[in-house]
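Chain naming here is simple, since letters A, B, ... match the order of the sequence lines and numbering starts at 1 in each.
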Number of protein chains: 2
Amino acid sequence: MNYTTKQRDAVEQVLASSARPLTAQEIWELARKKKSGLGIATVYRALKTLTKGSKAVLVEIPGSAPHYEWQRGRHHHHFLCESCQRVFELEGCVHQVVDLAPKKFKVKRHEIILYGSCEGCAQK
Amino acid sequence: MNYTTKQRDAVEQVLASSARPLTAQEIWELARKKKSGLGIATVYRALKTLTKGSKAVLVEIPGSAPHYEWQRGRHHHHFLCESCQRVFELEGCVHQVVDLAPKKFKVKRHEIILYGSCEGCAQK
DNA sequence: TGATAATTGATAATCTATTATCATTATTGT
DNA sequence: ACAATAATGATAATAGATTATCAATTATCA
């Protein structure tokens, strides 16, 4: 009940080799170069399997389409370039942000999202 | 070209008197108590006018429906209670978060979102 | 008060990402 | 190679929030 297929391999390879989170569309465009004829539905099916297995993570950034990123384990945050619309991973964290909550609130997780221009777009 | 109506007043009053961001549905339910028969479309029309005029702001939190909050001017962030699904405003900020971006990136704004349980839900 | 133009309520339509459907094709264990 | 079953591709369908449409109602001001 879990065959190995070229379509799944293609999706997994695309995600695993990307330095930044990608949209389902981007993944589709890149993966179909490895497996022509690949359907978008199969991309979603593969993404679903990967996220359920904790191999990939859905990244939701207000103001942009849903992105998917390979699960590399380390805690990090994101940057959305409002010019090219690409999402970048940011290293590190400012853990003190959890102190912004009232003392009686229980903070389980947090997100820090920066918006602006990436290196390439900032130069123009 | 801008009549004063009870429906708009109702929507504005609901938003302006709420301590936390509300969804369009919540605003509708509260505002129709002030103006019976109020339609959801009118709520959206009022929200659109208010946000365009910078009197209200759309608050998007991954994992929850869109919320709207009255524009009170002070910089702040949000907390989503994953139990009751309500969004709360948090006072203050940890400005160092902007340093998470690579030096050549230009950071224009940022969002900090905390997730967990609000006071009421944490007790249960 | 009346004419004029904006607003409203009900609801159909839209939008975008994702899922369901189903006939066809491919993978697996024997 | 073969039967059994899972995976695929094309596309219709779905979901949730918001917008468009349009006849009926209402605010405004001369």
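- In this structure, CG of Leu47(A) is placed 8 Å from P of dT18(C), rounded to the nearest angstrom.
- Taking both residues in full, the closest heavy atoms of Ser64(A) and Val87(A) are given as OG-CG2, 4.4 Å, listed atom of the first, atom of the second, then distance.
- Other residues sharing the hydrophobic cluster of Ile112(A), ordered by chain and number and joined by side-chain separations under 4.5 Å: Phe79(A), Phe88(A), Leu90(A), Val94(A), Val97(A), Val98(A), Leu100(A), Phe105(A), Val107(A), Leu114(A), Phe79(B), Phe88(B), Leu90(B), Val94(B), Val97(B), Val98(B), Leu100(B), Phe105(B), Val107(B), Ile112(B), Leu114(B).
- In this structure, the side chains of Thr49(B) and Lys52(B) stay at 4.5 Å or more apart for every pair of heavy atoms.
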Identify all pairs in which a protein N or O lies below 3.5 Å from an N or O of nucleotides 25-30 of chain D, and state each distance.
residue: dT28(D); atom: OP1; partner: Thr4(B); partner atom: N; Å: 3.4

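- Nucleotide dA17(C) holds its C1' atom 13 Å from the NZ atom of Lys48(A), rounded to whole Å.
- Under the Watson-Crick or G-U wobble criterion, with both distances below 3.5 Å, dT5(D) is paired with dA26(C).
- Residues Thr51(B) and Tyr68(B) approach most closely at CG2-CD2, 4.4 Å, considering heavy atoms.
- Ring geometry for His95(B) against His110(B) counts as perpendicular: the plane angle is over 60°, on a 0 to 90° scale with 30° as the lower cut.
- Remark: of the listed residues Arg8(A), Gln13(A), Gln7(A), Gln7(A) is the sole one forming a side chain to side chain contact (heavy atoms under 4.5 Å, CB included) with Lys35(A).
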Polar pairs (N or O, both sides) under 3.5 Å between protein and nucleotides 9-18 of chain D?
residue: dG9(D); atom: OP1; partner: Gln7(A); partner atom: NE2; Å: 3.4
residue: dG9(D); atom: OP1; partner: Gly37(A); partner atom: O; Å: 3.2
residue: dG9(D); atom: OP2; partner: Gly39(A); partner atom: N; Å: 3.0
residue: dG9(D); atom: OP2; partner: Thr42(A); partner atom: OG1; Å: 2.6
residue: dG9(D); atom: N7; partner: Arg45(A); partner atom: NH2; Å: 2.5
residue: dG9(D); atom: O6; partner: Arg45(A); partner atom: NH1; Å: 3.3
residue: dT18(D); atom: OP1; partner: Tyr68(B); partner atom: OH; Å: 2.6
residue: dT18(D); atom: OP2; partner: Tyr44(B); partner atom: OH; Å: 2.6

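- Between Arg8(B) atom CZ and dG9(C) atom C1' there is a gap of 14 Å when expressed in whole angstrom units.
- A heavy-atom distance below 4.5 Å is not found between the side chains of Val11(B) and Thr42(B).
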Dump the intermediate steps for side-chain contact (heavy atoms from CB on, under 4.5 Å) on Gln71(B) and Val57(B), then the final yes or no. CA-CA 6 Å; Gln71(B) 172 62 277; Val57(B) 182; 3.5 Å; yes
